[in-house]
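Working notes, structure below.
If you read the sequence from its start, that first residue is 1, and numbering goes on from there. Being a predicted model, the structure only gives us computed values, none of them experimental.
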Amino acid sequence: MTDTRTGRLMNAGYQQGGYQQGGYRQGGQPRQGRPARGGQPGPQPYRQDGYPGQGGRPKQTAAYAQAGPRPPIRRKRRIGRIIGVVLVLLLVFGVGLWFYVDGSLRRIDALTDYEGRPADTPGTNWLLVGSDARDDLTEEQKQDLSTGDAGGRRTDTIMLLHIPEGSGKSTLVSVPRDSYVDIPGNDKNKINAAFAFGGPPLLVQTFEGATGIHVDHYMEIGFGGFAGIVDAVGGVDMCIDEPMKDPLAGLDLQPGCQELDGAQALGFVRSRAFATADLQRVENQRKFLAALTDKATSFGTLANPFRAFPLLFAGTDSISVNSDDHLHHLAGMAFAMGGGVDTVTVPVGSTPTLPGAGSVVQWDRENALRLFGALEKDEPVPADLLPTPK
C-alpha cells in the first residue's frame with residue numbers, strides 16, 4: 001500500500017522530465033501558480049521583456065543588447081585618440097624643427113641692388129659658390145681634408161643653376177674660376193678675384209655683368225661643409241674612368257665605380273691634375289654635384305632619420321645663403337636638381353697667359369651669348385652647346 005502511494009506521488013512529481021513539486025514544469029522551467037515546499041512562493045517565470053511573469057526565459061532588453069559591443073568601440077576610440085595625439089605631436093615637432101633649422105642658416109647680404117643691374121628674368125637663377133675658406137676648420141680637419149693653410153677666401157667653384165618656370169630640366173652651368181672678365185672697380189681679372197676683392201656682392205655683380213643673367217638666390221659652401229654633407233648622406237657613388245692621384249688634393253683613386261666619403265669627394269672636386277686643368281675639374285664638379293643632390297633627395301635618405309637629420313644639420317652648419325633666402329628655397333633647389341639636369345660649361349675660346357693675371361680662360365663670346373641668351377629667355381640651351389654624352 002505504501003509502495004503504491006509512493007509510486008503515484010513520484011509519477012505526479014516527474015512528468016516527462018519535469019518536476020512539479022518545486023514549481024518546475026516540463027523542461028525544468030518554473031510553473032505558474034504552485035507554491036514551493038514550505039508554503040513559500042515558487043520561482044516566478046519571466047516575461048519576454050525580461051521581468052518576472054508570463055513568458056518563459058529572460059530576453060535581453062535593448063539596453064542590455066547595446067552593452068555588448070561597447071568595449072570594442074571604446075578601444076577603437078581610444079586607439080584613434082592616441083594616433084591623433086601622436087600625429088599632432090609629430091606635426092608640431094616637424095614645424096618647430098623646420099623653423100629652428102631655417103633660423104640657423106647663415107645669411108649674408110649677397111644680392112644687392114646697383115645701377116644697371118639686369119632686370120628680373122623668367123625662371124629661377126641660383127649662383128652656387130664653393131669657397132676655399134679654412135677659418136672654421138681645426139688643424140686636424142685641415143690635415144684630414146688636405147686643405148693646406150692658405151689664408152683668405154677664394155672661389156674654387158662657381159656655377160649657375162637655372163630652374164625653368166614650367167616643366168623641363170634645370171640647367172647647371174659651370175663658370176671656370178679663371179674666366180677673364182670685367183670686375184667693377186677693378187678692371188679685368190679672373191672672376192674668382194671678384195670674390196677676394198669684394199666678397200659675395202662683388203662676385204654676383206661681376207657675374208651678372210658678364211652674363212646678363214639676374215641672380216635670384218645665392219648659396220655658398222666651404223670645404224668642411226661640403227665634406228660633412230657627403231658624410232651625412234653616407235657617401236656618394238661615382239664611377240672613375242682613369243686613375244686619379246693628386247697629393248695637393250689628398251686624392252688617390254683607382255678606376256671603377258666606388259663610394260666616395262667626404263674627404264675623397266672634396267679631393268675629387270678640387271683636383272686640377274689633368275691635361276685641361278680647370279676645365280676637367282668643373283666637369284667633375286658638375287658630375288659630383290648632380291650625384292650628391294640625387295642621393296640627398298632620394299627616398300632612402302629622406303625616410304631614414306639617421307641620414308635625414310645629419311644631412312639637415314650638416315647643411316645649416318656649413319651653408320651660407322642670401323639674407324632673404326629660406327629653407328624652402330634650398331629644398332626647392334635640391335629637388336629641381338634631383339630629377340636630373342642638363343650640364344654645360346661656358347664655351348671657351350682660348351686659355352692665354354696674360355701679364356698680371358697669369359693663365360686665364362677667355363670665353364667664346366658668340367657662343368657664350370647664345371648660352372646665356374637662351375637662359376635669360378627661359379629657353380632650352382642650344383643642343384650644339386651641350387656636351388656630347390660619353
Side-chain angles (χ1 to χ4, degrees), residues 126 128-130 141 144-147 156-159 161 163 169-174 219 221-274 276 278-319 330-345 386-390:
W126 280 84
L128 310 178
V129 175
Q141 287 174 321
D144 292 341
L145 300 177
S146 302
T147 63
D156 268 7
T157 305
I158 303 173
M159 294 184 185
L161 174 65
I163 305 172
K169 280 186 175 182
S170 299
T171 303
L172 188 63
V173 182
S174 291
M219 188 194 79
I221 188 170
F223 281 166
F226 179 83
I229 289 177
V230 174
D231 286 334
V233 299
V236 175
D237 293 329
M238 294 295 295
C239 291
I240 310 299
D241 297 327
E242 300 176 356
M244 297 181 65
K245 190 167 185 178
D246 184 358
L248 295 178
L251 189 65
D252 187 3
L253 299 177
Q254 299 303 313
C257 295
Q258 54 204 285
E259 185 180 81
L260 304 186
D261 61 20
Q264 292 172 320
L266 182 61
F268 179 77
V269 300
R270 288 183 60 212
S271 178
R272 303 178 71 186
F274 310 102
T276 54
D278 199 47
L279 298 181
Q280 179 61 47
R281 176 168 74 164
V282 296
E283 184 177 335
N284 289 344
Q285 289 172 347
R286 290 198 312 267
K287 181 180 178 181
F288 187 86
L289 184 59
L292 174 59
T293 54
D294 190 53
K295 184 167 185 181
T297 57
S298 67
F299 177 80
T301 297
L302 298 179
N304 184 351
F306 297 102
R307 290 278 183 259
F309 285 108
L311 173 62
L312 193 61
F313 289 108
T316 56
D317 288 342
S318 57
I319 289 177
L330 289 172
M333 177 200 70
F335 280 102
M337 294 183 63
V341 295
D342 287 328
T343 62
V344 62
T345 301
L386 295 174
T388 304
K390 294 182 180 181

Could you measure the distance from the [atom1] atom of [X] to the [atom2] atom of [Y]? Nearest 0.5 Å is fine.
| X | Y | atom1 | atom2 | result |
| --- | --- | --- | --- | --- |
| Met238 | Phe288 | CE | CZ | 6.5 Å |
| Leu311 | Asn304 | CG | CG | 11.0 Å |
| Glu283 | Thr345 | CD | OG1 | 6.5 Å |
| Arg281 | Thr157 | CZ | OG1 | 6.5 Å |
| Arg286 | Met159 | CZ | CE | 7.0 Å |
| Leu266 | Asp261 | CG | CG | 10.5 Å |

(request) Evaluate side-chain contact (heavy atoms from CB on, under 4.5 Å) for Ile221 paired with Ile229, printing each intermediate quantity in order. (result) CA-CA 10 Å; Ile221 188 170; Ile229 289 177; 3.6 Å; yes
Taking all heavy atoms of [X] and all of [Y], pick out the closest pair and write down the distance.
| X | Y | answer |
| --- | --- | --- |
| Leu260 | Val230 | O-CG1, 3.7 Å |
| Ala291 | Val236 | CB-CG1, 3.7 Å |
| Ala296 | Thr301 | O-CG2, 3.7 Å |
| Ala263 | Ala227 | N-CB, 4.5 Å |
| Glu259 | Gln264 | O-OE1, 3.7 Å |
| Ala249 | Arg270 | CA-NH1, 4.1 Å |

Counting only N and O atoms by type, is there a donor-acceptor contact under 3.5 Å from the side chain of [X] to the main-chain atoms of [Y]?
| X | Y | result |
| --- | --- | --- |
| Arg307 | Leu302 | no |
| Ser170 | Met337 | no |
| Ser271 | Gly267 | no |
| Lys245 | Ala273 | no |

(request) Begin from the C-alpha positions of Met333 and Leu128 and carry the test side-chain contact (heavy atoms from CB on, under 4.5 Å) through to its verdict. (result) CA-CA 11 Å; Met333 177 200 70; Leu128 310 178; 3.7 Å; yes
(request) Would you sort out whether Thr171 and Val344 count as a side-chain contact (heavy atoms from CB on, under 4.5 Å), showing the intermediate values? (result) CA-CA 8 Å; Thr171 303; Val344 62; 4.2 Å; yes
(request) Apply side-chain contact (heavy atoms from CB on, under 4.5 Å) to the pair Val269 and Asn284, showing each step before the final yes or no. (result) CA-CA 6 Å; Val269 300; Asn284 289 344; 5.8 Å; no
